[in-house]
Amino acid sequence: MEYPFHKIEKKWQKIWKDREIFKANDHSDKPKFYVLSMFPYPSGALHMGHVSNYSIGDAITRFKMMQGYNVLQPMGYDAFGMPAENFAILHNSHPKITTEENIDIMRKQFDMIGFGLDWSREVSTCRPDYYKWGQWFFKKMYENGLAYKKSSFVNWCDECQTVLANEQVEDGKCWRCDGVVRQKELEQWFFRITNYAEELLDFSGVLDWPEKVKIMQTNWIGKSYGTNIHFKLENEEDIITVFTTRPDTIFGCTFMALPPEHPLVTRWLKQEKEDSELYQFCERILNEDKIKRSAEDTTKEGIFSGRYAINPVNGEKVQIWITNYVLMEYGTGAVMAVPTHDQRDFEFALKYDIPMKIVIQHPEKPFTLEEMKEAYIAEGILVNSGKFNGMESGASQKAISEWMEENQLGEQTVTYRLRDWGISRQRYWGNPIPIIYCENCGEVLVPDADLPVLLPDDVKLGKTTKNPLLSVDEWVNTACPKCGGPGRRETDTMDTFVDSSWYFARYSDAHNDKMPFSRDKADYWLPVDQYIGGIEHAVMHLMYARFFHKFMRDLGMVSSDEPFARLLTQGMVTKDGAKMSKSKGNAVDPQYIVDRYGADTVRVFMLFASPPEKDVEWSDEGMKGSFRFLNRIWRLFEDNIEIIKNNLGTYSGNGSVDSTLKELRFSTQFTIKKVLEDIKGRMQFNTAIAAIMEHLNHVYSIIDLENLNKAELAVYAEACGIIPRLLYPFAPHIAEELWQMTGNKQLLHESGIPEYQKEFLVRDEVTYVVQIMGKIRGKLEISANATEDEIKAAALDLENVQKYTENKKIEKVIVIPKKLVSIVMG
RNA sequence: GCGAAAGUGGCGGAACUGGUAGACGCGCUGGACUUAGAAUCCAGUGGGAGCAAUCCUGUAGGGGUUCAAAUCCCCUCUUUCGCACCA
């Protein structure tokens, strides 16, 4: 017989709902704990990834509630964006309608699994009461000089018909649709995240984040120290500034490399005839897209511009080359090339027969130009470097930079790989940027009183190559808020990552219509104590959210420095080794599993199959194993309910207890300790569940219940009685039911966490493993308070040990308390 | 190429600061119950030798430190993830 999970789950979901136990209070005597799992895109039905993710959050939520915290676990929807727009087109509907429909389905499914969510704080990014504040934040960014518009080459996805940030391009493909990304020149809105680059490198404000995520963000920001050096041009007024991390090689600079986009090159080209070699070369490279240009196998190409620059440290003429391997976006967009000490420059110089000069020598084995097969990039001694000759290259960097600063030839500087965050999207289903263009006044912000700029409902969607908003004349054409003259609305909408950069704060005060949230409530709840989500958001979402949080702090809206104190990056759900997904055809529908085996079964399986940060490999058989486990617990209670009920809490510690029951008592205490430690310390739910299973096996090993005395029955009842409380974070429905069956009136989260009794965690007899020369030769059962000498004697007395030690000299005997005896022989 | 993590039975995974490798679960084998199946229960289950006690071997591969290594150190290989002409 299967246990009546259907009835039980419905029953408790209703009780939890009626009693509003997951509705968090904004003020409480209890300490607060904010558990947040990344909100989902409302795709319509939950998939196993959701179940896995939110089961982790819910286990933490319920455990923290048992611990007596005032816990907030909210839920919402990341509802704007491409997929929602495409979904609506596919269903010949409107995203406003389909999104709300999908949300309704998902909310029901969340409840069906019994997640302890505070629905009173639900947010959806596509609703005006939410996106109004996104627009408000845009204005704040603008007013603080952090939002600006510029024309630039952008990553353009033809499939999505929109712009992508660098972070959103993976392998030259769109992170969302896998379509090819090409370069397109457009006017775009940017957020000046680079202003916060330095602070984003500082992770001292987070309590516990995976090292991996910190490293990824650090690499992404890519800070490097170096020197800007100014080169004068020969016969021209202009100055070219280069950025280098190797100022110690400056005397070896024999050419300069510029990309064809460099403004100076653009100017030179205007003086060229269109059929000139130089012009043709630049045209060709410019038309190649950047992804291709920066691919690893692209060969370095270049052309001599015919112009020269003057090396400021020695006055030498250096050729200026235009090349395809220099990036306009990094550093100053110009490179001083030192072929002898940079591999790329070396290859280039070799190809085009450009002169080279050694300026750093190997301290022991000097080499000549003719011997060089590759650039010498290691440390060494400076040569051919004027007054710096003989200096060690490492030390000379500072000396040379300082000397250049004194002579105004250059200055020390810091460069970041991080670029500003392009937030413009040419799509309909997003948050409108609250800007109006007026012929007289230029860019004008929409006044607060007119927020939100509502998305027009009546638009033509479908396979358009243009932003659908452009075709809504009555929306686009509006009056200038400043002069009242004719104005046009900005038709770009914001990247959806903007919406998800502050939602965690909105949950603290989800219905505020005066502000995004009040400082009072935000300060009570923030930072999020435990954030849970996929590793795929390690750079983008998590960095944008940190940026936004720091910005909100600078606006005086929050007082914390970081949004997420602890971060857990959970693995994905796989089947047959591949990520579970509809498109791969290996998806398992949670609805079916819940209908057939119950929500508790799915949750237990998800948490048991692997530690949370690792992938979970789906297994039908494994899932049935979890079902079996819950059924075994159920039967135990059903069969012995009277014994358990009547003897629970009657154990006084007195009375004779048989050794098997002593073992059971030990198991009870040990399991409590183990489960608490696994949840609190490492969040290893898999081993916590394994410990409960083990304990259950112990309980089942007691069969002759009718022969137990009063004290033993009490031990038995206690061993059973502890199970619901330990199980609650993982399988809350069955746990509540069993808890109630045994006569408890409170709900489990009010029961407090179980405490173990140290005095029963002591064993009378201890097992020692006896090793001789590192090999196990026997085991020893001995009283726990035996002295070291007694243990040694007993170990040496073992028959099998004697066999090995007979007539041999024993050098020493090592005793590790309660573990092993190691005998060392000559 | 650079950076990070990881390699343990047929499978998912345990082993926390070096101290019984393989907990727990799945699968498999044998048995009980049953007309039969499902469910349940009992026993076994890294490999090899042996009736057995017991012994040998074993944590990607090779070396090392140690009384003792899955765990620490060095080298090699493989896999996954991130970055990739960043000057």
Side-chain angles (χ1 to χ4, degrees), chain A residues 1-2 170-171 210-220 222-224 226 242-246 249 257 293-300 323-327 329-338 342-345 347-348 415-418 535-536 538-539 574 604-605 608-611 613-626 628-629 631-632 635 674 677-678 681-682 684 686-697 700 703 767-779 799-800 803 811-825:
Chain A
M1 277 300 286
E2 292 175 353
E170 293 166 353
D171 273 339
E211 213 49 41
K212 183 187 174 133
V213 175
K214 293 193 232 174
I215 290 169
M216 279 166 75
Q217 292 201 2
T218 304
N219 290 344
W220 190 263
K223 180 179 186 176
S224 53
V242 301
F243 172 76
T244 180
T245 53
R246 293 291 305 272
T249 63
R293 243 169 83 190
S294 62
E296 63 177 312
D297 47 1
T298 307
T299 46
K300 292 174 181 48
T323 72
N324 66 344
Y325 76 94
V326 176
L327 305 173
E329 296 81 21
Y330 186 75
T332 59
V335 172
M336 67 169 213
V338 185
D342 181 284
Q343 187 56 28
R344 292 156 302 183
D345 299 341
E347 286 166 25
F348 192 86
T415 291
Y416 301 90
R417 206 189 78 113
L418 181 72
I535 185 73
E536 67 272 22
V539 177
T574 61
V604 167
F605 173 71
F608 176 65
S610 74
E613 66 280 0
K614 278 208 194 166
D615 290 352
V616 182
E617 169 74 12
W618 177 263
S619 147
D620 286 326
E621 295 305 325
M623 184 270 305
K624 285 179 196 166
S626 298
R628 210 170 296 163
F629 165 60
N631 271 298
R632 255 160 77 81
R635 276 201 314 276
K674 169 85 179 148
E677 281 174 359
D678 283 353
R682 305 179 293 166
Q684 284 235 39
N686 56 334
T687 50
I689 293 169
I692 303 173
M693 288 175 170
E694 226 170 333
H695 178 61
L696 183 67
N697 291 342
Y700 261 100
I703 36 176
T767 307
Y768 279 83
V769 171
V770 182
Q771 292 185 340
I772 299 173
M773 298 304 286
K775 292 203 185 254
I776 293 151
R777 297 303 180 192
K779 282 176 192 176
E799 202 184 320
N800 205 39
K803 213 167 85 189
E811 264 185 12
K812 63 176 167 178
V813 180
I814 299 160
V815 176
I816 307 293
K818 295 188 179 155
K819 281 197 175 134
L820 97 171
V821 180
S822 186
I823 299 165
V824 188
M825 299 196 299

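Throughout, a chain's letter reflects where its sequence line sits, starting with A, and its residues are numbered from 1.
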| request: To the nearest 0.5 angstrom, please state how far the CG atom of A:N324 sits from the CZ atom of A:F348. | output: 7.5 Å
| query | Which value, rounded to the nearest 0.5 Å, describes the distance between A:Q771 atom CD and A:K819 atom NZ? | reply | 12.5 Å
Could you tell me the separation between the [atom1] atom of [X] and the [atom2] atom of [N], rounded to a whole number of Å?
{"X": "A:K775", "N": "B:rC55", "atom1": "NZ", "atom2": "C1'", "answer": "10 Å"}
{"X": "A:K214", "N": "B:rG3", "atom1": "NZ", "atom2": "C1'", "answer": "16 Å"}
{"X": "A:I772", "N": "B:rC56", "atom1": "CD1", "atom2": "P", "answer": "11 Å"}
{"X": "A:K818", "N": "B:rU17", "atom1": "NZ", "atom2": "P", "answer": "20 Å"}
{"X": "A:I814", "N": "B:rA69", "atom1": "CD1", "atom2": "P", "answer": "12 Å"}
{"X": "A:I816", "N": "B:rG19", "atom1": "CD1", "atom2": "P", "answer": "10 Å"}
{"X": "A:N631", "N": "B:rG25", "atom1": "CG", "atom2": "P", "answer": "15 Å"}
{"X": "A:E694", "N": "B:rC26", "atom1": "CD", "atom2": "P", "answer": "14 Å"}

Of the listed nucleotides [options], the one nearest the side chain of [X]:
{"X": "A:E621", "options": "B:rC67, B:rG13, B:rG27", "value": "B:rG27"}
{"X": "A:F608", "options": "B:rC24, B:rC67, B:rA4", "value": "B:rC24"}
{"X": "A:K212", "options": "B:rG25, B:rA4, B:rA87", "value": "B:rA4"}
{"X": "A:Q684", "options": "B:rC67, B:rA14, B:rC85", "value": "B:rA14"}
{"X": "A:V769", "options": "B:rU20, B:rU40, B:rC24", "value": "B:rU20"}
{"X": "A:R635", "options": "B:rU40, B:rC83, B:rG13", "value": "B:rU40"}
{"X": "A:P611", "options": "B:rG13, B:rA15, B:rU40", "value": "B:rG13"}
{"X": "A:K812", "options": "B:rA87, B:rC67, B:rA15", "value": "B:rC67"}
{"X": "A:T244", "options": "B:rA87, B:rG19, B:rU20", "value": "B:rA87"}

OP1 or OP2 of [N] sitting under 4.0 Å from any side-chain N/O of [X]?
{"X": "A:R417", "N": "B:rC85", "answer": "no"}
{"X": "A:N219", "N": "B:rA84", "answer": "no"}
{"X": "A:Q343", "N": "B:rC85", "answer": "no"}
{"X": "A:R628", "N": "B:rC26", "answer": "yes"}
{"X": "A:R777", "N": "B:rA53", "answer": "no"}
{"X": "A:K624", "N": "B:rG25", "answer": "no"}
{"X": "A:N686", "N": "B:rG12", "answer": "no"}
{"X": "A:R632", "N": "B:rC41", "answer": "yes"}

Under-3.5 Å donor-acceptor pair between [X] side chain and [N] base:
{"X": "A:K300", "N": "B:rC85", "answer": "yes"}
{"X": "A:Q771", "N": "B:rG19", "answer": "yes"}
{"X": "A:K779", "N": "B:rU20", "answer": "yes"}

[N] - base-pair partner by Watson-Crick or wobble geometry, distances under 3.5 Å:
{"N": "B:rA43", "answer": "B:rU29"}
{"N": "B:rA14", "answer": "none"}
{"N": "B:rG82", "answer": "B:rC2"}
{"N": "B:rA23", "answer": "none"}
{"N": "B:rA60", "answer": "B:rU76"}
{"N": "B:rU35", "answer": "none"}

| Between A:K674 and A:A691, who's closer to the 5' end of RNA chain B by nearest nucleotide? |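 So the residue in question is A:K674.
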| request: Assign each of A:R246 and A:E677 to its nearest nucleotide of RNA chain B by heavy atoms, then name whichever residue's nucleotide is nearer the 5' end. | output: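 So the residue in question is A:E677.
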| task | Quick one: classify the glycosidic conformation of B:rG37 as syn or anti, with syn meaning within 90° of 0. | result |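 In terms of base orientation relative to the sugar, B:rG37 is anti.
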Would you indicate what [X] reaches in the nucleic acid, counting non-hydrogen atoms under 4.0 angstrom: base, sugar-phosphate, or nothing?
{"X": "A:G331", "answer": "nothing"}
{"X": "A:S822", "answer": "base"}
{"X": "A:D345", "answer": "nothing"}
{"X": "A:I776", "answer": "sugar-phosphate"}

| request: Tell me, yes or no, whether the heavy-atom count around A:K214 atom NZ, taken from other residues, nucleotides or ligands under 6.0 Å, exceeds 12. | output: yes
| task | Any chance you could lay out the salt bridge (Lys or Arg N to Asp or Glu O under 4.0 Å) test for A:K624 and A:D620, step after step, and finish with the verdict? | result | CA-CA 6 Å; A:K624 285 179 196 166; A:D620 286 326; over 6 Å; no
| task | Please determine which of A:V813, A:I814, A:V769 meets the side-chain contact (heavy atoms from CB on, under 4.5 Å) test together with A:S822. | result |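 Among A:V813, A:I814, A:V769, the one that satisfies the side-chain contact (heavy atoms from CB on, under 4.5 Å) with A:S822 is A:I814.
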| message | Which residue in the set A:D342, A:D345, A:V242 passes side-chain contact (heavy atoms from CB on, under 4.5 Å) when paired with A:M336? | response |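 Single pass found, and it is A:V242.
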| request: Check for a donor-acceptor pair, side chain of A:E347 on one end and backbone N or O of A:K300 on the other, with a separation under 3.5 Å. | output: no
| Side chains of A:T687 and A:D678: do they bring a donor and an acceptor to under 3.5 Å? | yes
| message | Can a side-chain donor-acceptor contact be found between A:Y330 and A:S224 if the only test is distance below 3.5 angstrom? | response | yes
